[in-house]
Amino acid sequence: MGAQWKAKHKQDAANAKGRIFTKLAKEIAVAARNGADPDMNAKLRSAIETAKKASMPKDTLERAIKKGAGLLDGPANYETVVYEGFAPHQVPVIVECLTDNKNRSAQSIRQLFRKGQLATSGAVSWDFKHLGQIEAEASNSDADIELAAIEAGAQDFEQGDDNEVVFLTEATDLDMVAKALPEFGYNVLTAKLVYRANNPVSLNDEQRSEVEAFLDAIDADDDVQNVYVGLAG
C-alpha cells in the first residue's frame, strides 16, 4: 500500500526524483557499512538494484557506496528510528527514519503528526506483519511462479504488471529466498523488509484525500525513509 498513495498524487518531477535519490543514497550508504563489494553484501546489492531501477546517476551511486564504507568524508552515521501513530480517521501508520540526528527527526515527526496522533512503540505495529518483500521479473517464459515460491522458500506471491511478481517471505528468510529465485527463472529487482497492515481501513474519497495529504507531508521529510500505512486500496 505504501507505494499506491504516492503514485496517485505525483508532485513536481525534479523535486520528487531528488528526494528519491536522497533516500536511496542513505540506504546505500548504510548497507555499504558491511562492505563496499555488492557481490559479498546482499543488502548493498539490493539497494544498488533499486537505485539503478530509479535511474540514479552512476557518480551519485558510487559516492554513496564510498561514503558508507568510510572511504569518503568519514563513515555514514545514520541510525534507523521507527515511529508509530495514526493518520486522520485513525488510519495506522509506521514511519521509518534514517537519520544522523535523532533529536531533529523526533521534532519533525511530532510536528508532522499534529493532524494525526503520535503513539508509543507497539501501539500500531502489533497490527502489521513485518516481512520480506521481493520484487522480481520472469527471466524466461517457462518460469513457474508457484513452483519458484515453493522451492525458494517464499510464503506467498502476488502477480504484478507484465512479468513482475512480488514474493513475500518471513523476515529472516529474505536473503535466502532472494538468492534462490534466479535458479527458478526470476531476476530479483528489489529485496527489502516491509510492514503490511493486517486490517487496512476503508475510507470515502474525502477522507482518503485528507489522509493522503498527511502521508505526502511525512514522506517529503528528509529524514523519513519509508512510510507504511493501513489504508485499504
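Because the structure is a prediction, the values reported are computed rather than measured.
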Taking it one step at a time, do Ile65 and Ile48 satisfy side chain to side chain contact (heavy atoms under 4.5 Å, CB included)? CA-CA 9 Å; Ile65 294 173; Ile48 289 172; 3.7 Å; yes

Among Glu96, Glu27, Lys192, the one residue meeting side-chain hydrogen bond (donor to acceptor under 3.5 Å, both in side chains) with Asn226: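 The single option meeting the side-chain hydrogen bond (donor to acceptor under 3.5 Å, both in side chains) with Asn226 is Glu96.
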
Search all heavy atoms of [X] against all heavy atoms of [Y] and return the closest pair with its distance.
X	Y	value
Asp223	Asp221	N-OD2, 2.9 Å
Asn187	Ser139	ND2-CB, 3.4 Å
Phe214	Leu112	CE1-O, 3.3 Å
Glu146	Asp144	N-OD1, 3.1 Å
Pro182	Ala178	CD-O, 3.3 Å
Ile145	Tyr186	CG1-OH, 2.8 Å

Does the side chain of [X] reach to within under 4.5 Å of the side chain of [Y], using non-hydrogen atoms?
X	Y	result
Glu212	Arg208	yes
Leu231	Val211	yes
Leu61	Lys52	yes
Phe21	Pro57	yes
Leu118	Arg110	yes
Leu189	Glu137	yes
Val166	Ile134	no
Leu131	Leu193	no

[X] and [Y]: side chain donor to acceptor below 3.5 Å:
X	Y	answer
Asn34	Lys43	no
Gln155	Thr169	no
Asn77	Asp100	no

Tell me, with the steps shown, if Val177 and Glu170 meet side chain to side chain contact (heavy atoms under 4.5 Å, CB included). CA-CA 9 Å; Val177 176; Glu170 295 288 349; over 6 Å; no

Going through the distances and angles, do Ser125 and His130 end up as a side chain to side chain contact (heavy atoms under 4.5 Å, CB included)? CA-CA 8 Å; Ser125 58; His130 193 212; over 6 Å; no

Are Leu24 and Val188 grouped together when hydrophobic residues (ILVMFWY) are joined by side-chain heavy atoms under 4.5 angstrom apart?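 Looking at the clustering, Val188 is in a separate group from Leu24.
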
Val227 with Val201, same ILVMFWY side-chain cluster at under 4.5 Å: yes

Take Leu168 and Gln133 through the side chain to side chain contact (heavy atoms under 4.5 Å, CB included) test and state the conclusion after the steps. CA-CA 5 Å; Leu168 303 174; Gln133 177 177 289; 4.2 Å; yes

Above 12 or not: heavy atoms from other molecules or residues under 6.0 Å from NZ of Lys115?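 Check fails, neighbour count at 12 or below.
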
What distance do [X] atom [atom1] and [Y] atom [atom2] have between them, rounded to the nearest 0.5 Å?
X	Y	atom1	atom2	answer
His89	Glu206	NE2	CD	7.5 Å
Ile150	Phe184	CD1	CZ	10.5 Å
Ile109	Thr99	CD1	OG1	9.5 Å
Ile28	Arg63	CD1	CZ	13.0 Å

Lys26 to Tyr78 six-membered ring, cation-pi geometry met (6.0 Å, 45°): yes

Are Glu62 and Lys66 within salt-bridge range, i.e. N to O under 4.0 Å? no

Using a strict cut-off of less than 4.0 Å between a Lys/Arg side-chain nitrogen and an Asp/Glu carboxylate oxygen, indicate whether Arg196 and Glu158 qualify as a salt bridge. yes

What class does the angle between the rings of Tyr195 and Phe128 fall in, given that below 30° is parallel, 30 to 60° is tilted and above 60° is perpendicular? perpendicular

Give a yes or no on whether the ring-centroid distance for Phe113 and Tyr83 is below 6.0 angstrom. no

